[in-house]
Amino acid sequence: MAAVNAVTDLTREGDIAVLTINSPPVNALSADVRNGLRGGVEQAAADAAVKAIVVICAGRTFIAGADISEFGRPSKGATLPELQAALEGGPKPIIAAIHGTALGGGFEMALMCHYRVAVPSAKFGFPEIKLGLIPGAGGTQRLPRLSGVENALEAVLSGNPFDAKQALAWGVVDALVDEGKLREGALAFARKVIDTHMPLRKIRDLNDKIDAARGHPEIFDKVRRDYARKYRGFEAWQSAMSAVKAAVDLPFDDGMKLERQAFLDLIPTAQSRAQRYVFFAERKVWKIADIADDTETLPIKKVGIIGAGTMGGGISMNFLNAGIPVTIVETAQEALDRGLKIIRRNYDNTAKKGRMTQADVETRMALLGPGLKLEALADCDLIIEAVFENMDIKKDVFQKLDKIAKPGAILATNTSYLNIDEIASVTARPDYVLGMHFFSPANVMRLLEVVRGEKTAKPVIATVMHLARKIGKIGVLVGVCHGFVGNRMLHQRQREAQKLILEGAMPWEVDRVIYDFGLPMGPFAMSDLAGLDIGWSKETSKSSTIREILCEMDRRGQKTGAGFYDYDENRNVKPSPVVEKMILEFAAKKGINRRRITDDEILERCIYPMINEGAKILEEGKAQRASDIDIVWINGYGWPVYRGGPMFYADLIGTDKVLARMKEFEGTMGADFKPAPLLEKVVAEKRTLHDL
Ligand code: T1G
């Protein structure tokens, strides 16, 4: 055994050299790994006794891509083109032995080898697009030569992995070996290569599938149409398209050059920096400063849900999908039946789309038990309340629940803004009470705000964070304040949006600016979708706001075919002359001199107060770190990932600019724009907000 460097060992099995990469956690293609690979291959190539070389990784996975943390830093070590020369250009057959996930640069490195073997559980893919990048080491040139152009476009543009069976079908791998016997299987394959004198097979020389696509631009036109909507606002996908097209139109080396340049051009872009930031931010949320990773977690074998409405039903599905039995309780049979029916319908629709089998549907429904009494939840390990958003009702439920639930059961509320400590105070187990704020539709939205009460015990937090991961959510720990992180910041935007349509803008102008900024919809379209009458009642309505007047006019949103917008029978939306007239009259009655408002002002007044509120949330310790706030907005409110989140965006445009504009607005519009001390401090100390 000879160490090539700290992360690479070279051993010999007869006339076969085995190069083992060992760089936890995911053998990322760091400078050390690249140096070890090149050094090891060159050593083995120079060793006359060696007839073939196997490259294999220790640990849980084959190389899972370039080391993302190295991007944007001066590059050290062997370059990818140098690695290619040592591998593909080497004199002896090289076999890549693959397990876990061969992703990005790791997959490209394997494609530089002459042969590949894998275990059946291995996965392959080019997730670069999710980092605002494209493959930069030949992935867009080599994969289409094996999989065909359409499949390569799908792999590079979706960024989604494909399995070993698919890889074998495409000729990406030459053989599958027994699970758990990768090394033996690879050595046996190398043996065959030597004994049967198999050639140094270079993918660059395989042109059949490329030739077949030449003269068929329609392949690209269709894909361009399909992805234009999905990647609205994103940049990298166009470069990915051009690179794969170059594989068809250009000789291999010219295609490589084009890909490389496109890749290098994307690294410094704001979008890629944002998406790389989000990659690490999504992994940081699980780290809780005062709760050790090995904190004891409580077993959650059965879950109780109170309320079978939209939220209760969606929440239940998360646990059913994870194989955890659920008892769902309602006060009336009719409401219970309605809730169960919606859950089954959702599953049936998913099965119809082929995303699960009917057997899967039945398995999940079999785990679901209905109840009409809270007592039905006595044996649950976790009970989540999703009843009407009213403090008295919630306190009443928790008081009763506390007496029924078994000792050690966790009691959670799905409130989206009420005070968790007040709810916990009516129980004898405030240390077992917390908030689990799901986002609608709860079975789809990835975000879960885990709200830590004053007395919530650490094992309870650790248990719920662990459970969040188990049900496929991103759990973000937040503190008790009105609206927690997401809704508290959203309130800032909604307030300004309401003011802007009085001062001179129209709802559809504000929405256009927010939509063009990259959010899925603007505040007024969102209100129409949610329903304008949430928290409204005819009895107390006094025509004091535009929203009240709309409700009084029975314009309650999409559900009534009219709200801020008019909707036709197919829910196509259009600006409403009725609403325009009503807003102008309302403003005049209020004595407001309307003025022309620019798109920039609309954007700044909607976004900057959110950033400012984010700074206050950090000051108050209601979020652990700024990147958690960004993860809340990206996964809960559709903030475009290519803008990194409100806090990252603030640094992108300059916190000094945000502060200056806030002060200007404060000067003319008052305390709503009073800068947070933390924002002042960050600007004064020339620091950045997103890494606080
Ligand atoms: N670089 C640096 N660190 C990485 C990393 C990477 N590529 N992948 C994972 N990590 C860290 C991660 O931050 C975490 O650290 C730990 O490893 C475990 O990760 C030239 C341009 C492999 C499927 O995009 O998708 O190649 O938080 O928690 O859930 O064309 O990690 O523990 O300190 O995610 O089991 C392309 C990214 C790069 C793959 C494992 N590759 N990684 O998932 O563990 S661009 C990727 C993943 C590229 C070339 C280009 C996943 C995983 P910590 P984890 P996991």
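First listed ligand is number 1; within each ligand, the first listed atom is number 1.
Between H437 and F439, the angle of the ring planes lies from 30° to 60°, which puts this pair in the tilted group. Ring geometry, F124 versus F162: the interplanar angle falls under 30°, so the pair is classed parallel (tilted spans 30 to 60°).
A salt bridge does not link E259 with R142: every distance from a Lys NZ or Arg NE/NH1/NH2 to an Asp or Glu carboxylate oxygen is 4.0 Å or more.
For the pair R643 and F517, the cation sits on the ring face: its NZ or CZ lies under 6.0 Å from the ring centre, inside 45° of the axis.
Applying the side-chain hydrogen bond (donor to acceptor under 3.5 Å, both in side chains) rule to R145 yields the partners N207; only residues at least two apart in sequence or on another chain are considered.
Within 4.0 Å of ligand 1, protein heavy atoms belong to P25, V26, A28, R60, A64, G65, A66, D67, I68, F71, L80, T101, L103, G104, G105, E108, P127, E128, L131, P135, G136, F263, F279, F280, R283, K287, listed by chain and number.
P268 is not listed as a side-chain neighbour of R273, based on a closest heavy-atom distance of 4.5 Å or more.
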